[in-house]
There are 2 protein chains.
Amino acid sequence: MAQDRHRPLRNGAARTRARLLEAAAEVFAEQGYAGASVDEIAGAAGVSVGSIYSRFGSKQELFEALMSEHLARDVARVRDGMAVGLAEGVSTPDDILHEAAGSRRRTLLDAETWVSAMRTPALRRALVEYEAAARHETSRTFAEQRGHIGVDIGMSDEEFATVVMALYQGLLRQVRLDPDVVAPDLLSRVLMALVRGLAADTGDAAPRDR
Amino acid sequence: MAQDRHRPLRNGAARTRARLLEAAAEVFAEQGYAGASVDEIAGAAGVSVGSIYSRFGSKQELFEALMSEHLARDVARVRDGMAVGLAEGVSTPDDILHEAAGSRRRTLLDAETWVSAMRTPALRRALVEYEAAARHETSRTFAEQRGHIGVDIGMSDEEFATVVMALYQGLLRQVRLDPDVVAPDLLSRVLMALVRGLAADTGDAAPRDR
DNA sequence: GTCTATAGGATGATAGAC
DNA sequence: GTCTATCATCCTATAGAC
């Protein structure tokens, strides 16, 4: 009991690391990689520059650690978000979309991730890998749903997942730029229409050049 | 005739400005705003730093001039691209997509535009304005096509344009990250299916639950 | 208008005390 | 492991010759 008083001060290792990554997230997000100074990050974290360089070897390594954590968190979010399912008519895809759009921090870090990935091959590979994981997760979830309903979509689950992700990311961009342009239920409306239209194209239900 | 020999050397004003913007595009794209140095831009343009500061007042102003030109060029591209039409079954939307994805310069400048817009309110307003223009252009074109075919989509032309742009931008992102993931005709396939599905939802054309 | 030279300041990274 | 102090470098911007 008395020892608990000391607990928050102990294990400074992980604690300091977390505070540093938090500060790095804030500063890198707001200023960008090149625009951020190690001094400012140190100040925001309440530590000194030397402390940063002892823990992470360089500004670049600190940035990569942050990016890695950012992507890992996003993977977890996709996994959780997929658990609720797509085609049930639930409005949760829209909730996920608007929640993601609402966070300035995430918006800026996503943008910084993208711009860095387009310049740095190593970061690009990491992002490709992450995107593939998200695609498989989406694809797998949709395959289950499709099994329940029993519709033929006319394309592979992987390709459909690609379309869903593109639509999600595209709308995310629109919402982040100007929230008024995207109705709260647009994503789910379009997804349902899309499934219907794809099923119709297989000749399952619709007349084509009769 | 003999004077033509001198022509290329004359009117250095616009000529130098163009070379400067070209060099700025290259360096800002590859290094980002903060990462780019005025010295390097001057070197790439074959002029000296003083020359840049006499023409543009600061690094920031040079960047804004470049962004403005970049957006204007993009507006023109949308206008031209829309001229061919959406719903005719022509594969040109896909061509436009993959051509845009193929240019590293455009990819990087788009990314830099986005990240800067998310941080700088003035740039963000400019991007919102550009996006609205593109949306109206898309909307208008689709309205014409819709008139010819005569389908009821169940949403406004503006909203449909938003979806089309989101899909386009989302797929553009996917192609730029990993070209193998997106089939060459995916965009047009999805667009056609989408129109069909939206029309079906109104109970207009397609048989739903007969 | 474009050059060279330089001012004035910020930056990434290191050294060494504690 | 964290601090302070400092180095060497690079950067934006300006001054002044031509």
Side-chain angles (χ1 to χ4, degrees), chain A residues 6-68 112 115-116 119-120 122-123, chain B residues 6-68 112 115-116 119-120 122-123:
Chain A
H6 290 272
R7 273 270 208 81
L9 290 176
R10 291 250 226 89
N11 82 337
R15 191 112 188 140
T16 303
R17 186 189 151 90
R19 286 186 50 178
L20 261 171
L21 284 177
E22 156 67 21
E26 177 62 25
V27 179
F28 277 133
E30 219 63 43
Q31 317 277 354
Y33 173 73
S37 82
V38 179
D39 224 57
E40 189 177 349
I41 295 174
V47 300
S48 197
V49 266
S51 199
I52 289 185
Y53 279 94
S54 81
R55 204 166 280 277
F56 309 88
S58 67
K59 180 186 180 183
Q60 182 70 38
E61 282 178 67
L62 171 59
F63 180 72
E64 283 166 11
L66 173 66
M67 288 291 106
S68 166
E112 197 60 26
V115 79
S116 303
R119 291 196 195 109
T120 313
L123 238 169
Chain B
H6 291 272
R7 271 273 208 80
L9 290 176
R10 288 250 226 93
N11 82 339
R15 190 114 187 136
T16 303
R17 188 189 150 90
R19 287 185 49 178
L20 260 172
L21 284 177
E22 156 67 19
E26 176 63 24
V27 179
F28 278 134
E30 218 64 44
Q31 317 276 354
Y33 173 73
S37 83
V38 179
D39 222 58
E40 188 177 351
I41 295 173
V47 299
S48 198
V49 265
S51 199
I52 290 186
Y53 279 94
S54 82
R55 204 167 280 279
F56 309 87
S58 66
K59 180 185 178 181
Q60 182 69 37
E61 282 178 67
L62 171 59
F63 180 71
E64 283 166 10
L66 173 65
M67 288 291 107
S68 166
E112 196 62 25
V115 79
S116 302
R119 289 195 198 112
T120 314
L123 239 168

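Labels below follow one simple rule: chain letters A, B, ... track the order of the sequence lines, proteins then strands, and each chain is numbered from 1.
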Atom [atom1] of [X] and atom [atom2] of [N]: how far apart are they, to the nearest Å?
X       : N      : atom1 : atom2 : answer
A:Phe56 : D:dG1  : CZ    : P     : 13 Å
A:Ile41 : C:dA10 : CD1   : P     : 17 Å
B:Ile52 : D:dT14 : CD1   : C1'   : 14 Å
A:Lys59 : D:dT9  : NZ    : P     : 19 Å
A:Leu20 : D:dC3  : CG    : C1'   : 14 Å
B:Arg15 : C:dG1  : CZ    : C1'   : 17 Å
B:Phe63 : D:dA13 : CZ    : P     : 14 Å
B:Asp39 : C:dT11 : CG    : P     : 18 Å

Take B:Glu64 and B:Phe56 through the side-chain contact (heavy atoms from CB on, under 4.5 Å) test and state the conclusion after the steps.
CA-CA 10 Å; B:Glu64 283 166 10; B:Phe56 309 87; over 6 Å; no
OP1, OP2 of [N] versus side-chain N and O of [X]: anything below 4.0 Å?
X       : N      : answer
A:Ser51 : D:dG1  : no
B:Ser54 : C:dG1  : no
B:Thr16 : C:dT2  : yes
B:Ser48 : C:dT4  : yes
B:Tyr53 : D:dT14 : no

When all nucleic acid strands are considered with a 4.0 Å heavy-atom cut-off, which category describes [X]: base, sugar-phosphate, or nothing?
X       : result
B:Ala42 : nothing
A:Ser37 : sugar-phosphate
A:Ala36 : sugar-phosphate

Aromatic ring pairing A:Phe28/A:Tyr33, orientation class (parallel under 30°, perpendicular over 60°, tilted between)
parallel
What closest approach, in Å, do A:Ala45 and A:Leu20 show between heavy atoms, and which atom pair accounts for it?
CB-CD2, 3.8 Å
Spell out, as yes or no, whether a donor-acceptor pair under 3.5 Å connects the side chain of B:Ser58 to the backbone of B:Glu61.
yes
Verify, without hydrogens or angle tests, whether B:Arg19 (side chain) and B:Ala44 (backbone) share a donor-acceptor contact under 3.5 angstrom.
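No; judged by distance alone, with no hydrogens or angles, the pair does not exist.
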Nearest to the side chain of A:Val49, which nucleotide is it out of C:dG12, D:dA5, D:dT2?
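Within the option list, the nearest is D:dA5.
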